[in-house]
Structures are given as structure tokens and as C-alpha cells.
Visitor: 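Please see the structure below; I have some questions.
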Amino acid sequence: MTSRVALVTGGTGGIGTAICRKLATLGHRVATNYRDHDRALDWQQKMRAEGLEILLVPGDVCFADQAQAMVDEVTAQLGPVEILVNNAGITRDTTFHKMEAQQWNEVIDTNLNSVFNMTRPVIGGMRDRRWGRIIQISSINGQKGQYGQANYAAAKAGMHGFTISLAQENAKFGITVNTVSPGYIGTDMVMAVPEDVRNKIVAQIPTGRLGTPEDIAYSVAFFTAEEAAWITGANLSANGGQYMGW
Ligand code: CAA
Ligand code: NAP
């Protein structure tokens, strides 16, 4: 297997940790960003205890200058970014008639504008080198909508619109651009949903359980493979059968 340089945003979070672990275990050189230095160092130590060395770079994906700095730092330490996983994300759930502009803007900045901020600094190099893998971590709720998530669903649907446009522009350059749309995964983000509401959601999942971060990491690894060179512009649902639109 060819060892590639992978940058995973939000890599210290629930799903991000599993993605970093999976890509590093496959032999890639992996980096992620952090905002809280002490928490990130603890996380890095845990990964080290598993035998995995993950590079940490400071930065907030909401800001283009910080995104550029992250890419520059990864390039300096590991080499040019060949795999980008746009995974960082947040929720600010509330019904739209109560939504404040701040709740809208924070979600659009973190979940969608971040995709511009992170991808813009890496795309030129990928085109020059004629190889790249860009993966958006969207959501089932970008596909089907969700009560209380007009902001989040708009951002997540927007991510896939980005994917299918960038895929067309870069197919001739050996770059694939794909989306993974996870269903409900048992991370802090889902645990923040009130328990009674969450139980009703789990009851709608045909597999009868929440997904695991590893379920999503496997989907990401699939798109990063050398053999996946002809798969571009796809939206892979990994949701336990909760939504089967096509
Ligand atoms: N369908 C229909 N009605 C619903 C509903 C649904 N899915 N969810 C809530 N309602 C109804 C309630 O029954 C209640 O009705 P009544 O007024 O008739 O009693 C009403 O909405 C409550 O509305 P409010 O505006 O007062 O809202 P609230 O303050 O109670 O909170 C909410 C509403 C924020 C949407 C809350 O229900 C919630 O957190 N829902 C979960 C949203 C969700 O799935 N978020 C996903 C987070 S994880 C994630 O995002 C990861 C991922 O990608 C999957
Ligand atoms: P999580 O555990 O809350 O992790 C989110 C990660 O994103 C954290 O590392 C967080 O860093 C980082 N992040 C947030 N805002 C950032 C910013 N402005 N700049 C840099 N990093 C930032 O959530 P998760 O469940 O792993 O979710 C990961 C992705 O999967 C998100 O895009 C989410 O929307 C998507 N998703 C999740 C589910 C699910 O059920 N969990 C389902 C579908 C899609 P800090 O620690 O610094 O906050």
C-alpha cells in the first residue's frame, strides 16, 4: 500500500478519532487539528499508547488563514496533503422559528464554510501531483432533513453539492471527491440529544442500534483506497438502514 499524507479535521472527536486510527493503521501519515492544546496532547498520548503517531496542528476550520496555516504545517512536517477528510462539525439544534442568527452562522461556518477553507489550500497541489482524495463527512440529516436542524441539514446538504461539483472539476487530475453520510453514531454529538428523543430515533434504525465511529471510519477508508480511483461524486450512506433514499 502507498503511504499517503492525510489531514482529518476534528480528528480528536468521536468519529474523527476512529478515522485517524483507521488511516494510521493502514499506514498513512495522519494529522489533525486541535483547538484545546491540553486536551489534544492527552488524546495524542492515548493514540501513542496504541502505537499510532498522529501529528497535531493548531487551528479552527472556520477561519481561512488558520486553515492555510494547518495545511502549511502538515506540509512542512509530513509532506503535501494527499487525503483530506472534512470531518469537523457541530450542532446547534432548535426549531427554525426560534433559531438565532448566531446558531445559523456557527453551523454554516463550522460545517460548510470550513470545507472551502480547508479544501482551497490543498486542491492546487493535488492537481499538480495528479492524485488526491477529498471526503466530506455529511449526515443522514442532510439527505432527509431533520426536525430542529434547518441549519445543520442545510450545511450538510451543501457539503454534498460541493462534492459533486468538485468531483467533476478534478476527475481528470486523479482526484476523487466523495461524501460519507453517517446516520446516528454514539458520540457526544448524539448523546447531547435529549434521551427520550434519542430513544425514539434509535427505534427508527432497522439495525436496532446507534452506529459506531468505526462504522464511519471504514467508509472513509474505502474512498481513500488506490483501487477506489473510479469512484467519485458518490454519497455513501452509512446509517444502519435508517434512510435508504437513492
Ligand atoms: N417530528 C415531529 N414533531 C417533533 C419532532 C419530530 N421529529 N421532534 C419534536 N417534535 C415536536 C414535539 O413533539 C413538540 O410538539 P408539541 O409542541 O405538540 O408537544 C414540539 O416539536 C417541540 O417543539 P419546540 O420548538 O418546543 O422544540 P424543543 O425546544 O422541545 O426542542 C428539538 C425541539 C430541538 C428539535 C428537540 O426535539 C431535539 O433535540 N431533537 C433532536 C434533533 C436531532 O435529531 N438532532 C440530531 C443531533 S446528532 C446529529 O446531528 C448527528 C447527525 O448528523 C445524525
Ligand atoms: P464530536 O465528537 O463532537 O467531534 C467534533 C470534532 O470537530 C471535534 O474534534 C471538534 O473539536 C471539531 N471541531 C468542531 N468545531 C471546530 C472548529 N471550528 N474548528 C476545528 N475543529 C472543530 O462529533 P462527531 O460525532 O465525531 O462528529 C464528527 C462529524 O461527523 C461532524 O461533522 C458531524 O456533523 C458528523 N456526523 C456525526 C454524526 C453522529 O451521529 N455523531 C452523524 C452524522 C454526521 P473540539 O474538540 O475542539 O470542539
Side-chain angles (χ1 to χ4, degrees), residues 1-13 15-35 37 40-41 43-88 114-137 162-163 166-167 169-180 216-232:
M1 196 216 67
T2 309
S3 174
R4 304 282 185 180
V5 174
L7 174 54
V8 180
T9 66
T12 64
I15 292 175
T17 297
I19 296 172
C20 288
R21 183 184 289 123
K22 181 74 181 174
L23 295 182
T25 304
L26 287 170
H28 298 303
R29 288 158 285 151
V30 182
T32 187
N33 71 291
Y34 66 87
R35 295 186 295 172
H37 185 252
L41 282 186
W43 178 88
Q44 192 180 42
Q45 281 305 120
K46 283 189 193 124
M47 299 305 272
R48 248 179 220 146
E50 294 180 25
L52 303 173
E53 190 59 43
I54 312 289
L55 175 67
L56 287 172
V57 293
D60 186 321
V61 295
C62 295
F63 300 99
D65 56 342
Q66 295 190 34
Q68 179 71 57
M70 283 182 228
V71 170
D72 290 346
E73 186 64 22
V74 174
T75 305
Q77 297 212 36
L78 301 180
V81 175
E82 298 169 291
I83 298 170
L84 173 66
V85 185
N86 284 311
N87 166 73
S114 61
V115 171
F116 171 84
N117 295 338
M118 293 305 306
T119 310
R120 188 64 186 81
V122 304
I123 192 72
M126 287 180 178
R127 287 167 69 99
D128 291 345
R129 294 186 303 276
R130 297 285 194 278
W131 201 92
R133 297 282 185 270
I134 299 171
I135 296 151
Q136 271 60 253
I137 306 300
F162 173 80
T163 287
L166 207 69
E169 292 178 13
N170 293 286
K172 283 191 182 146
F173 295 87
I175 301 167
T176 69
V177 190
N178 291 291
T179 300
V180 174
I216 305 312
Y218 176 74
S219 308
V220 171
F222 168 76
F223 283 132
T224 63
E226 303 290 330
E227 297 88 333
W230 216 57
I231 303 171
T232 194

Visitor: Can you name the nearest heavy-atom pair linking Val74 to Leu7, along with the distance?
Guide: CG2-CD1, 4.1 Å

Visitor: Only pairs at least two apart or in different chains count here, so list each salt bridge (charged side-chain N to carboxylate O under 4.0 Å, His left out) that has a residue in residues 1-11.
Guide: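 For residues 1-11, and leaving out neighbouring residues, the salt bridge (charged side-chain N to carboxylate O under 4.0 Å, His left out) pairs sorted by first residue read Arg4-Glu82, Arg4-Glu226.
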
Visitor: Which value, rounded to the nearest 0.5 Å, describes the distance between Ile19 atom CD1 and Thr32 atom OG1?
Guide: 9.5 Å

Visitor: Counting only heavy atoms from other residues, nucleotides and ligands, does the tally under 6.0 Å from CZ of Phe173 exceed 12?
Guide: yes

Visitor: Working to the nearest 0.5 angstrom, can you tell me the gap between Leu52 CG and Lys22 NZ?
Guide: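 NZ of Lys22 is found 12.0 Å from CG of Leu52.
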
Visitor: Does Arg120 have more than 12 heavy atoms from other residues, nucleotides or ligands lying within 6.0 Å of its CZ?
Guide: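 Counting other residues, nucleotides and ligands, CZ of Arg120 stays at 12 neighbours or fewer.
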
Visitor: Table please: side-chain donor-acceptor pairs of residues 65-72 below 3.5 Å, with sequence neighbours left out.
Guide:
from: Gln66; atom 1: OE1; to: Asp60; atom 2: N; distance (Å): 2.8
from: Gln68; atom 1: NE2; to: Asp72; atom 2: OD1; distance (Å): 3.0

Visitor: At their closest point, which heavy atom of Leu23 faces which heavy atom of Ala6, and how far apart are they?
Guide: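 In terms of heavy atoms, the two residues are closest at CD1-CB, 3.9 Å.
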
Visitor: For the residue pair Thr119 / Asn86, report whether a side-chain donor-acceptor contact shorter than 3.5 Å exists.
Guide: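 Note: Asn86 and Thr119 side chains meet the donor-acceptor criterion.
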
Visitor: Give, for atom CD1 of Ile175 and atom CD of Glu169, the distance between the pair rounded to the nearest 0.5 Å.
Guide: 10.0 Å

Visitor: Would you name the heavy atoms of Ile83 and Val81 that are closest together and state the gap between them?
Guide: O-CG1, 3.4 Å

Visitor: What's the shortest heavy-atom distance between Trp43 and Cys20, and which atoms?
Guide: CH2-SG, 4.1 Å

Visitor: Would you mind reporting whether Met47 and Thr17 have side-chain heavy atoms less than 4.5 Å apart?
Guide: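 Yes, at least one pair of side-chain atoms sits under 4.5 Å.
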
Visitor: Output the distance between atom CZ (Arg130) and atom CG (Asn170), rounded to the nearest 0.5 Å.
Guide: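 So the CZ of Arg130 and the CG of Asn170 are separated by 10.0 Å.
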
Visitor: For Arg133 and Thr224, work out which heavy atoms get closest and say how close.
Guide: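 Looks like NE-O, 3.5 Å.
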
Visitor: Among Thr163, Thr179, Asn178, which residue satisfies the side-chain hydrogen bond (donor to acceptor under 3.5 Å, both in side chains) criterion with Gln136?
Guide: Thr163

Visitor: Restricting to non-hydrogen atoms, name the atom on Val5 and the atom on Leu78 that form the minimum distance, rounded to 0.1 Å.
Guide: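 Looks like CG2-O, 3.5 Å.
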
Visitor: Measure the spacing between CG of Asn117 and CZ of Phe63 and express it to the nearest 0.5 Å.
Guide: 9.0 Å

